[in-house]
Amino acid sequence: LDRTWTWSQWYDRIRRLAGALSERGIKRGDVIAFLDKNHPACAETVLATASLGAATAIINFRLAADEMDYVVNDCGAKLLIVGAELKPGIDKIRDELSAVEHLVELTTDGKDDEYEEMIAAATPVDRSPDVESDDVCIIMYSSGTTGRPKGVALTQANLIAHTVNAFDGWEMDEGDKNLVAMPLFHVGGTSYMQLGLHEGIASYMTRDVDGAQLAGGILAGANRTFLVPAVLAKVLESGPDAVKLFAALKTYGYGASPMPLPLLRSALEAWPDTDFIQAYGLTEVGGVISLLAPEDHRNGNEERMVSAGRLVPNAEVRVVDPDTLEDVPQGEQGELWFRTKQ
């Protein structure tokens, strides 16, 4: 739905939300959980809780009920903000959410909305003086390959360092608009959301990753985005009108899965003026650890085009034999170990 805010209006909302959370007993070291499809309130919540030294656990709305109650209990959330369309599922497991003291319902349009009422009634508060950069800011659950989902704790310093380093080379121009479409429970969505905030440009957020909503964002002026390769394949299959529409994108960042070389070739041909950037990473480093730059997509070196690119600034990598834990010789396969300064 078409809801917009200026920077000053949004800052006031964040301060009011921080006040509302503080009134409900949220303080430094606490955790609140956010459960909904993409919604601007998620960004507000992350910033408001961070100003109190608290953390936001962004929950995967696709989880089954037994996984949902595990995650909410595991993070120790004292307050849960939940979207109206997902609340019936929470109602069924409410008695099992032992740590949750407050439940706040959120709607897509802001009407008859407990969340909006909470903000409107709150007294704004500024950043708490005891907050430190090493305070945990976001908790994201990475399913891994076995067992229960695992919570990854990212600090305020982690998020800031990642935004500066991982988007090195993603320069934005005045008047640009960021299209945030990846699910915010995924690090690719939440970390990309930070870029527009850092650059001071407008962001257009879609609720789902579907063709109509993406087209709506582009028609509204969005010209930078980050999506998975499968979306790009769908656009190419949709015909010349869709291809022409997506030509408005100055930057198409992609990641979370490999881009098959035939698809990449087709994309480069279809959108000769678009900068393609591949991002490779993981939740534990805040999102991106290496980038394949636009010039590497168009230099004709196909071996490089299917690589994960180069490390972002202020990052290190080792290629290690998992049995001996020693570095393998150059050119041999091994396990990738990454380290960042934050």
Side-chain angles (χ1 to χ4, degrees), residues 1-6 9-10 13-14 17 32-48 56-64 68 71 80-91 103-119 138 140-141 176-197 201-235 238 242 245-246 248-249 252-256 287:
L1 296 176
D2 187 15
R3 301 174 68 195
T4 62
W5 298 276
T6 65
Q9 289 171 334
W10 204 50
R13 287 176 60 84
I14 291 166
L17 178 56
I32 76 167
F34 187 95
L35 173 64
D36 195 15
K37 294 183 178 181
N38 280 11
H39 197 298
C42 184
E44 292 176 342
T45 301
V46 168
L47 296 175
T56 302
I58 306 175
I59 310 300
N60 183 347
F61 58 82
R62 298 170 182 160
L63 292 177
M68 190 77 71
V71 166
L80 171 61
I81 298 173
V82 58
E85 65 184 279
L86 298 170
K87 189 172 180 292
I90 289 297
D91 289 339
L103 190 67
V104 180
E105 187 173 355
L106 177 75
T107 65
T108 56
D109 60 8
K111 298 177 181 178
D112 300 319
D113 189 316
E114 293 178 0
Y115 176 86
E116 291 294 335
E117 291 173 359
M118 181 176 70
I119 290 178
I138 287 179
M140 309 205 79
Y141 277 81
D176 282 349
K177 185 179 290 186
N178 217 24
L179 177 58
V180 179
M182 284 278 285
L184 296 180
F185 69 75
H186 188 282
V187 72
T190 292
S191 67
Y192 188 70
M193 173 186 72
Q194 304 290 326
L195 177 59
L197 305 182
I201 65 170
S203 291
Y204 182 103
M205 183 179 291
T206 67
R207 188 152 174 81
D208 295 289
V209 186
D210 66 42
Q213 293 187 43
L214 294 175
I218 295 172
L219 289 170
N223 57 3
R224 312 275 189 176
T225 196
F226 176 83
L227 293 163
V228 295
V231 173
L232 188 147
K234 190 69 175 176
V235 174
S238 298
L245 177 64
F246 273 70
L249 293 175
Y252 189 109
Y254 64 93

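Here the shortest heavy-atom pairing between I119 and R13 reads CD1-NH2, 3.8 Å. Counting all heavy atoms, side chain and backbone alike, A181 lies closest to L227 at CB-CD2, 3.7 Å. Taking each heavy atom of G216 and Y204 in turn, the nearest pair found is C-OH, 3.7 Å. A pairwise comparison of heavy atoms in P183 and V209 identifies CD-CG2, 4.3 Å as the closest pair. Considering every non-hydrogen atom in both G196 and S203, the closest pair reads CA-OG, 3.9 Å. Taking each heavy atom of C42 and I58 in turn, the nearest pair found is SG-CD1, 3.8 Å.
Expressed to the nearest 0.5 Å, how far OH of Y141 lies from CG of L63 amounts to 10.5 Å. Rounded to the nearest 0.5 Å, atoms CZ (R62) and NZ (K37) are 8.5 Å apart. Summarising the geometry, atom CG belonging to L184 is positioned 12.5 Å from atom CD1 belonging to I59; distances are rounded to the nearest 0.5 Å. To the nearest 0.5 Å, atoms CE (M182) and CG (N38) are separated by 9.5 Å. Interatomic distance, CG of N60 versus CE of M68, reported as 7.0 Å (0.5 Å rounding). In this structure, the separation between CD1 on I218 and CZ on F246 is 4.0 Å, given to the nearest 0.5 Å.
Q9 places a side-chain N or O within donor-acceptor distance of the main-chain N or O of T6, the cut-off being under 3.5 Å. For T225 (side chain) and L179 (main-chain N/O), a donor-acceptor pair under 3.5 Å exists by modelled atom type. A donor-acceptor pair under 3.5 Å is absent between the side-chain atoms of E116 and the main chain of G110, judged by distance alone.
In this structure, V180 and L195 have side chains that are not in contact, with every pair of non-hydrogen atoms separated by 4.5 Å or more. Between L197 and L47, the closest side-chain pair of non-hydrogen atoms falls below 4.5 Å. Side-chain contact between Y254 and V231 is absent, with no heavy-atom pair separated by less than 4.5 Å. Proximity of W5 to P40: side-chain heavy atoms (C-beta onward) are separated by under 4.5 Å at one or more points. The shortest side-chain heavy-atom distance between I138 and V46 falls under the 4.5 Å cut-off. Side-chain contact check for T107 versus E114: every heavy-atom pair is 4.5 Å or farther apart. You'll find the side chain of K87 reaches within 4.5 Å of the side chain of L103, heavy atoms only.
Checked against side-chain contact (heavy atoms from CB on, under 4.5 Å), D176 has the following partners two or more places apart in sequence or in another chain: M172, D173, I201, N223, R224, K250. Judged as a side-chain contact (heavy atoms from CB on, under 4.5 Å), and not counting sequence neighbours, the contacts of A41 are F34, H39, E44, L106, Y115.
Between R207 and D36 there is a salt bridge, since a side-chain N of the basic residue sits under 4.0 Å from a carboxylate O of the acidic one.
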Legend entry - Verdict with reasoning, M205 to N178, per side-chain contact (heavy atoms from CB on, under 4.5 Å): CA-CA 8 Å; M205 183 179 291; N178 217 24; over 6 Å; no
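Other residues, nucleotides and ligands place more than 12 heavy atoms under 6.0 Å from the NZ atom of K177.
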